[in-house]
Asker: 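This structure is in structure tokens; I'll ask about it shortly.
In the text below, chain A, chain B and the rest are named by the order of the sequence lines, each starting its count at 1.
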Amino acid sequence: MKKTIIVFCILLMTTGCAQKRIIDDLALINAIGYDLSEENEENLKVTATFPIITKDGKYDRKTIIVEGKSSKSAREKLKHKTNMQLESGQIRVSLFGTELAKQGLLTQLDTFVRDPNIGSRVLLALGKPVASDILTLQIENEGQNATFLEQAITKLHSESKTINYDIFQFLRDLYDDGMDPILPAYKVEDNDLKYDGVGLFQGDRLIDYLNPEDSKLLFLFRKEIIHGDLEQEIELEEGKVQQIMLSYVQTKHHIDVNSVAMDNLVATIDLEIQGDVLEFTGEEDLSDPNIQMKVEKLISDQLKSKGNKLLLQLQKMQVDPIGIGQHVRNHMKYMRWKKLNWYEEYQNMEINVNITVKFSSNGKWK
Amino acid sequence: MKEKLSPIQVSILVYMIQSGVILFSLPRLTGEAFGTNGWISIIIVSVIVNINLILIWFVFKVGAGRSMFELVNGIPKWIRLILSLFLAGIWLGLGTMVMVKYILLLKMLFYQNVSTLLLMTMGLILTYLLVKRGIYHIAKATVVLFYFTVWTIFLLLFHLPDFSFIRLTPFIFQGEKDLLRGGAGIYTALLGYELVILFLHNVEEKRLKAILVGNTITSIIYLGVCFVSFGFFSFDMLLEDMYPVVTLLEYISFPVLERVENLIFSLFGLKVLITTVMYLWASKEVLEQQFQRIKPKYLLLIILSLSFFISIFQKIMRQVDQWLEYLAWIEVVIAFLLPLILLIVAFFTRKVNKEHSL
């Protein structure tokens with residue numbers, strides 16, 4: 001027993017071997033942004049922000065912008081611009097500008113996965129149009145932009161099951177041959193930070209953005225929203241537009257792939273959501289089963305047509321954020337999948353959507 | 001050395017010698033060697049190890065419970081000397097390299113500025129304390145260390161939300177493969193079991209069952225880790241990640257605690273310690289039989305000094321990997337050949353004895 005205690009003590013003491021770091025002297029970068037340099041296309045513009053304590057004891061932040069050939073070489077220059085020791089172990093959010101993302105993110109992400117100081121839970125996001133705008137924005141009484149972004153992205157996380165917003169999830173989908181990653185996008189609007197849909201990627205290159213409304217539908221298809229809110233405009237009578245809002249639970253999510261002929265792939269996405277009505281601006285009696293069924297069908301049809309439109313748009317862009325490719329891959333033989341030119345096949349294949357919306361109740365009111 | 005080992009101690013000891021630094025890269029190694037769904041290969045490799053273990057057990061069945069050293073007494077002295085020096089050298093090298101590899105990883109991940117030699121000295125002090133008292137005490141300490149570390153397997157539950165069967169793909173052993181070299185690499189992950197040949201005669205009862213259970217514990221844990229990795233990472237990402245298990249640990253986040261890999265990785269050091277302890281112990285045992293005039297304590301100090309001396313020159317990861325690979329290959333051959341040789345000797349002596357008694 002004595003020996004075990006010695007063993008344990010020595011192991012504990014090894015922690016003392018680490019380099020001494022005094023927290024007051026550290027610049028703990030909590031967010032970092034990457035953009036293409038405006039002057040020299042080959043260079044990176046790196047924006048780093050970290051919390052500081054001002055002379056009068058207030059909690060503040062400092063944002064530094066430098067240019068460099070790579071992330072780490074920019075960091076060397078960052079060092080010259082501060083009197084504190086830079087630490088990247090506390091990075092929570094990393095932002096990428098649109099133009100840079102269009103060129104591909106893999107080279108930039110290398111530093112995150114190679115450097116053991118940085119964990120795999122660093123959140124990633126896109127900055128519209130540039131990342132530095134978002135990090136340099138000073139919002140009154142809001143504190144750290146990094147904390148705001150971290151909380152905002154984590155909120156998106158908690159509203160869904162899993163969304164590919166951290167470095168591990170992004171890379172996982174990037175390296176998956178049957179799926180493309182997505183990232184949330186933020187922009188500055190009226191001196192405020194605003195979520196602005198998701199960026200669609202093909203491999204590591206940004207192709208285009210999707211607006212927040214379509215993004216919601218995309219998450220539904222990705223089986224990432226288990227429960228959420230659905231807002232819909234319906235016309236029970238012609239010319240009378242009514243608003244209806246549901247709080248729903250996804251009860252079925254199934255993607256099926258069939259090949260009718262050798263080269264004719266058909267994918268079907270089956271979705272079923274059940275929801276409680278929270279708001280309805282129409283005058284009809286929603287407690288009437290017939291009207292309920294009518295409204296259900298109306299919403300289902302609308303969602304289906306919206307979904308079809310979204311899918312066509314995705315197919316045209318040759319991006320596969322839903323992961324149809326995974327199902328196609330698992331459906332065929334290995335050699336056939338390897339020989340398949342997936343994006344071409346994806347663009348031309350037939351993808352059907354079946355969405356069934358059911359009301360579990362009409363709320364507390366008729 | 002009078003006390004006998006209980007079967008549970010032996011099972012745990014076998015598991016603790018087997019599991020070591022290779023675990024951190026094992027999911028990638030299985031993917032590189034066998035392609036898609038490479039985790040299945042652990043089962044195949046585990047079966048081969050079991051066959052090897054049965055072979056070792058058989059040696060003692062035929063040898064009527066005599067120890068390895070009693071058995072080899074029939075061999076000419078000069079052959080015994082060469083064999084002993086060779087075995088001691090390999091085991092000394094393996095024990096040292098395993099610890100050096102762990103220390104280099106520790107250095108890369110957490111303590112970039114700490115000297116390898118300082119960490120190595122700490123490791124060797126612990127090794128000295130354990131080896132000095134002999135196998136019975138090592139086994140007792142191992143059981144305690146086992147409980148310190150084995151719970152970490154339950155951390156895999158944290159990865160279930162991100163686990164997906166779709167990523168496993170229905171393809172079995174497809175894609176680029178490196179069956180021979182890669183397969184040997186996976187086999188080396190289970191190495192360490194061959195040391196039971198040195199203490200099997202010292203086990204109370206249920207010898208075969210105890211060693212097979214030990215290997216099964218290791219295999220199940222390896223299988224669990226690899227299986228989860230294949231559904232957690234996408235296949236191509238798994239191939240890119242040098243140490244997927246470190247990434248797995250990194251990904252765990254508790255409400256108030258993140259980056260727990262710092263803590264867990266140090267705990268893994270205990271498993272590595274036992275691996276080193278047992279290899280150096282084996283090395284000492286073999287030399288002790290050859291050089292009975294030297295006090296065992298001095299012999300141990302010589303071994304530890306040699307081990308330290310070797311570690312001075314090991315500063316580069318790829319060199320250490322290379323050494324480990326070569327030594328492990330030789331060890332695989334030893335694991336099969338040594339019991340075979342002993343089996344032949346045992347048969348032979350039994351025959352001679354029978355003729356004598358007639």
Side-chain angles (χ1 to χ4, degrees), chain A residues 1-21 89-90 92 106 110 113-122 161-162 164 166-179 181 223 255 323 325-327 329-338, chain B residues 35-36 105-115 118-119 122-123 125-126 129-130 133 137 140-141 144-145 148 161-162 164-172 174-175 232-243 246-248 250-253 258-259 261-263 266-267 269-270 273:
Chain A
M1 198 55 210
K2 206 169 98 191
K3 210 153 295 159
T4 326
I5 293 168
I6 296 174
V7 169
F8 202 65
C9 286
I10 290 193
L11 273 169
L12 273 182
M13 272 191 276
T14 47
T15 47
C17 295
Q19 196 193 359
K20 196 159 61 181
R21 293 184 176 112
Q90 284 294 324
R92 296 304 162 99
L106 212 51
D110 179 85
V113 278
R114 205 177 288 277
D115 186 343
N117 278 320
I118 303 173
S120 49
R121 273 189 184 264
V122 174
K161 199 175 136 221
T162 45
N164 297 25
D166 69 31
I167 207 161
F168 165 76
Q169 291 172 325
F170 182 81
L171 283 173
R172 180 187 66 198
D173 287 352
L174 176 65
Y175 279 108
D176 200 319
D177 50 4
M179 191 158 195
K223 203 196 170 180
I255 299 178
Q326 291 182 329
H327 294 270
R329 174 188 68 198
N330 291 3
H331 174 76
M332 47 176 66
K333 288 240 158 57
Y334 184 77
M335 285 322 284
R336 194 177 153 207
W337 167 253
K338 280 286 152 186
Chain B
T36 52
L105 273 178
L106 197 66
K107 237 178 90 127
M108 179 193 89
L109 293 173
F110 312 117
Y111 309 126
Q112 281 91 355
N113 307 323
V114 180
S115 150
L118 183 69
L119 294 169
M122 283 184 174
I125 290 174
L126 292 173
L129 288 172
L130 282 166
R133 300 287 294 275
H137 287 272
K140 272 206 300 193
V144 179
L145 299 185
F148 271 159
D162 274 292
S164 154
F165 280 101
I166 293 173
R167 275 190 284 275
L168 282 176
T169 74
F171 314 129
I172 289 169
Q174 299 287 344
F232 182 75
F233 295 91
S234 54
F235 182 66
D236 288 332
M237 185 186 179
L238 190 65
L239 297 184
E240 290 289 324
D241 200 335
M242 279 300 282
Y243 307 103
V246 175
T247 309
L248 277 183
E250 245 177 38
Y251 204 68
I252 299 166
S253 123
E258 258 183 56
R259 310 292 303 271
E261 84 268 20
N262 290 273
L263 182 73
S266 311
L267 275 179
L270 297 171
L273 177 72

Asker: Looking at every heavy atom in both A/S120 and B/E250, which two are closest together, and how far apart are they?
Answerer: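 Closest approach of A/S120 to B/E250, heavy atoms only: N-OE1, 3.2 Å.
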Asker: Name the region of B/S253, side chain, backbone, both or neither, that has any atom closer than 4.5 Å to a heavy atom of chain A.
Answerer: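 For B/S253, backbone and side chain are both near chain A.
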Asker: Does the cation-pi check pass for A/R121 over B/Y251, that is, NZ or CZ under 6.0 Å from the six-membered ring centre and within 45° of its axis?
Answerer: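 Flagged: A/R121 positioned over aromatic ring of B/Y251.
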Asker: Using modelled atom types only, decide if a donor and an acceptor are shared between the side chain of B/S234 and the backbone of A/R172 within a distance under 3.5 Å.
Answerer: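 Yes; judged by distance alone, with no hydrogens or angles, the pair exists.
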Asker: Drop me the distance from A/F168's CZ to B/L248's CG, to the nearest 0.5 angstrom.
Answerer: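 It comes to 7.5 Å.
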Asker: Go through it in stages, so that I can follow the logic: the residues are A/L174 and B/M237, the test is side-chain contact (heavy atoms from CB on, under 4.5 Å), and I'd like the CA-CA distance, side-chain angles, deciding distance and then a yes or no.
Answerer: CA-CA 8 Å; A/L174 176 65; B/M237 185 186 179; over 6 Å; no
Asker: Out of B/Y243, B/F148, B/F232, B/F235, return the one with the most heavy atom pairs under 4.5 angstrom to chain A.
Answerer: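 The candidate making the most pairs under 4.5 Å is B/F232.
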Asker: What part of A/K333 is in contact with chain B, defined as an atom under 4.5 angstrom from a non-hydrogen atom: side chain, backbone, both or neither?
Answerer: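 The answer is the backbone of A/K333.
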Asker: I'd like to know if the side chain of B/D236 reaches the main chain of A/D177, judged simply by a donor and an acceptor atom lying under 3.5 Å from each other, with no hydrogens or angles considered.
Answerer: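 No.
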Asker: Once you round to the nearest 0.5 Å, how far does CG of B/D162 lie from CG of A/D166?
Answerer: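 Here the interatomic distance stands at 7.5 Å.
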Asker: Before giving the answer on side-chain contact (heavy atoms from CB on, under 4.5 Å), spell out for A/Y175 and B/F233 the whole-Å C-alpha distance, their side-chain angles and the decisive distance to 0.1 Å.
Answerer: CA-CA 9 Å; A/Y175 279 108; B/F233 295 91; over 6 Å; no
Asker: Would you name the heavy atoms of A/N330 and B/T169 that are closest together and state the gap between them?
Answerer: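 Closest approach of A/N330 to B/T169: OD1-CA, 3.6 Å.
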Asker: Quick check on A/I118 against chain B: is it the side chain, the backbone, both or neither that has a heavy atom closer than 4.5 Å?
Answerer: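 Backbone of A/I118 only, per the 4.5 Å heavy-atom cut-off to chain B.
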Asker: Taking the side chain as every heavy atom from C-beta outward, state whether A/Q326 and B/R167 have any pair of such atoms under 4.5 Å apart.
Answerer: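 Answer yes - side chains close enough.
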